[in-house]
Asks: 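Have a look at this one.
Numbering of ligands and ligand atoms starts at 1, following listing order.
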Amino acid sequence: EKGGHDWFMLKEIAEQPQAVADTLLGRLGEDGRLVLDEVRLPDQDLRDIDKVFVVSCGTSYHAGLIAKYAIEHWTRIPVEVEVASEFRYRDPVLDRSTLVVVISQSGETMDTLMALRHARDQKARTLAICNVNGSTIPRESDAVLYTHAGPEIAVASTKSFLAQIVACYLVGLFLAQIRGIKYADEVAAIVEDIRGLPQAVEQVLAQMEPVRALGRTLADADTILFLGRHVGFPVALEGALKLKELAYIHAEGFAAGELKHGPIALIDEGTPVVVVVPSPRSRESVHGKVVSNIQEVRARGARTIVIAEEGDDDVLPYADHVIRVPRTPTLLAPIVTTVPLQVLACEIADCRGYDVDQPRNLAKSVTVE
Ligand code: M6R
């Protein structure tokens, strides 16, 4: 049943190219246009939207954080992202021209469901991104875009996370298409890049043996820090969450630029620091700034584990370990950079002798507030 893998989580990590491909299936038209007939919100309503909220929990919240970068860039609509458990209690400003996107693998998360109900009460338009057909959250939403990741058994979300990110890209590009935007050429090009994502994930998976070996050397760590910038920041948060929930190791993700505002004081001799490096082609040299951050933590004794694109040799002088991912456009990079972090957490937890699929204190679907 685990398809030759030790854990469902490893099987589900391996299924990610398929999860991404299936979530795209039939939704990218030949002419570079998006076909999302299932999003049954009238075009005029979508044109009238002047603000988007993305509301979700845990890993699904991290997908929302990535969605913000993509949707704002492609549509110029302001996007706010919030954990569902906070959303409705602070009286957010919602009306008919607000689109609330709720993301939930299970479709049964109570915090997210209550946030959705609140949004509906306030007359906002609601769109669910969900992996379980016919579950409560999509049933109560105005529209639904299903992720087609297939059943996810392991408590830790992996393939459903990649599928959620892909669904968020589709929502952003669809909104851009309907509203007609100034980045039309860029959007057409990105649709082509998205088609290549399943293969890119395949390439990352083919290089995971050294990552597992590296994981075995980290099993005794007391704390592991994760740094990222731009879309790499939510990826860093996700890497830290995976490690906490599976390996019970203290882990924290930071925006790399925040390091100097406090967290750098945590770095001690041998502290492992995982850095998600943006593409050298990213905007306004954030790449160079993250390379400087690697240098800074290394100078203070950190053991640096660097996730960088093929061919990015700028990181080499400061990296104790380099994990390579294929060249990917900046906004799409989380699809490849997340995978090694999943494998790392799984391997560390396994090495520590824990049940990777059923971590302590956690349930697959959290149906209480
Ligand atoms: O089913 P949902 O996507 O609504 O679940 C949200 C979180 O409970 C979930 O992502 C949780 O953080 C996972 N265990 C993370 O691996």
Asks: Under a 4.0 Å N-O cut-off, is there an ion pair linking Asp45 with Lys123?
Replies: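 Answer for the salt bridge query: no.
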Asks: Within the structure, does Ile103 bring an N/O atom to less than 3.5 angstrom of an N/O atom in ligand 1?
Replies: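 No, since none of the N or O atoms of Ile103 sits under 3.5 Å from an N or O of ligand 1.
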Asks: How far is atom 5 (O) of ligand 1 from its nearest protein heavy atom, and which residue and atom name does that atom have?
Replies: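 It is Thr109 OG1, 3.5 Å.
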Asks: Indicate, as side chain, backbone, both or neither, the part of Glu108 found under 4.0 angstrom from ligand 1 when only non-hydrogen atoms are considered.
Replies: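 Within the 4.0 Å criterion, Glu108 makes no contact with ligand 1.
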Asks: Which atoms of ligand 1 have any heavy atom of Gln105 under 4.0 Å away?
Replies: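 Checking each atom against Gln105, I get 1 (O), 2 (P), 3 (O), 4 (O).
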Asks: Relative to each other, are the rings of His230 and Tyr69 parallel, tilted or perpendicular (30° and 60° limits)?
Replies: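 Ring orientation of His230 relative to Tyr69: tilted.
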Asks: Under 4.5 Å between side-chain heavy atoms, hopping through other hydrophobics if needed: is there a path connecting Val144 to Leu99?
Replies: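 Different clusters.
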Asks: Around atom 8 (O) of ligand 1, find the nearest protein heavy atom and jot down its residue, atom name and distance.
Replies: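 Closest protein heavy atom to atom 8 (O) of ligand 1: Val366 CG2, 4.2 Å.
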Asks: Give the numbers and elements of all ligand 1 atoms closer than 4.0 Å to a heavy atom of Lys242.
Replies: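 Going through ligand 1 atom by atom, the ones under 4.0 Å from Lys242 are 15 (C), 16 (O).
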Asks: Is Pro92 close to His118 at the side-chain level, that is, under 4.5 Å between some pair of heavy atoms?
Replies: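 Yes - at least one pair of side-chain heavy atoms lies under 4.5 Å apart.
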Asks: We want to know whether Thr136 and Glu108 form a side-chain donor-acceptor pair, criterion being a heavy-atom distance below 3.5 angstrom.
Replies: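 Looking only at side-chain atoms, Glu108 and Thr136 do form a donor-acceptor pair, the distance falling under 3.5 Å.
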Asks: Closer than 4.0 Å to some heavy atom of Ser104 - which atoms of ligand 1 meet that?
Replies: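 Those atoms are 1 (O), 2 (P), 3 (O), 4 (O).
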Asks: How far is atom 11 (C) of ligand 1 from its nearest protein heavy atom, and which residue and atom name does that atom have?
Replies: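 Result: Thr59 N, 4.2 Å.
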Asks: I'd like to know if Glu347 and Arg212 make a salt bridge, using a cut-off of under 4.0 Å between side-chain N and carboxylate O.
Replies: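 Answer for the salt bridge query: yes.
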Asks: Should the proximity of Lys364 to ligand 1, defined as any heavy atom under 4.0 Å, be assigned to the side chain, the backbone, both, or neither?
Replies: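 Near ligand 1, Lys364 shows nothing, with every heavy atom at 4.0 Å or more.
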Asks: Ignoring hydrogens and geometry beyond distance, is a side-chain donor-acceptor pair present between Ser157 and Gln105 at under 3.5 Å?
Replies: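 No, no side-chain donor-acceptor pair sits under 3.5 Å.
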Asks: State the atoms of ligand 1, each with its element, that fall below the 4.0 Å cut-off from a heavy-atom position in Ser157.
Replies: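 So the atoms of ligand 1 that pass are 10 (O), 15 (C), 16 (O).
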Asks: Could you name the option among Cys130, Ser135, Cys57, Pro359 that has the heavy atom nearest to atom 6 (C) of ligand 1?
Replies: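 When every heavy atom of Cys130, Ser135, Cys57, Pro359 is considered, Cys57 comes closest to atom 6 (C) of ligand 1.
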Asks: List ligand 1 atoms under 4.0 Å from Gly58, heavy atoms only on the residue side.
Replies: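 Selected atoms, number and element: 12 (O).
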Asks: Show which atoms of ligand 1 fall inside a sub-4.0 Å distance from at least one heavy-atom site of Ser60.
Replies: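 Contacts of ligand 1 toward Ser60, numbered from 1: 2 (P), 3 (O), 10 (O).
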Asks: Hey, are Glu238 and Thr59 close enough side-chain-wise for a donor-acceptor pair under 3.5 Å?
Replies: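 Yes.
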Asks: May I ask you to check whether Phe87 and Phe53 place their ring centres under 6.0 Å from each other?
Replies: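 Between Phe87 and Phe53, which both carry aromatic rings, the centre distance is below 6.0 Å.
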Asks: Are Arg360 and Tyr248 in a cation-pi contact, defined as NZ or CZ under 6.0 Å from the six-membered ring centre and within 45° of the axis?
Replies: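 Verdict for Tyr248: a cation-pi partner in Arg360.
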Asks: Among protein heavy atoms, which sits nearest to atom 16 (O) of ligand 1, and what does the distance come to when rounded to 0.1 Å?
Replies: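 That would be Glu245 OE2, 2.4 Å.
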Asks: To which of Thr112, Thr147, Val155 does the heavy atom nearest atom 13 (C) of ligand 1 belong?
Replies: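 Looking at heavy atoms only, Val155 sits closest to atom 13 (C) of ligand 1.
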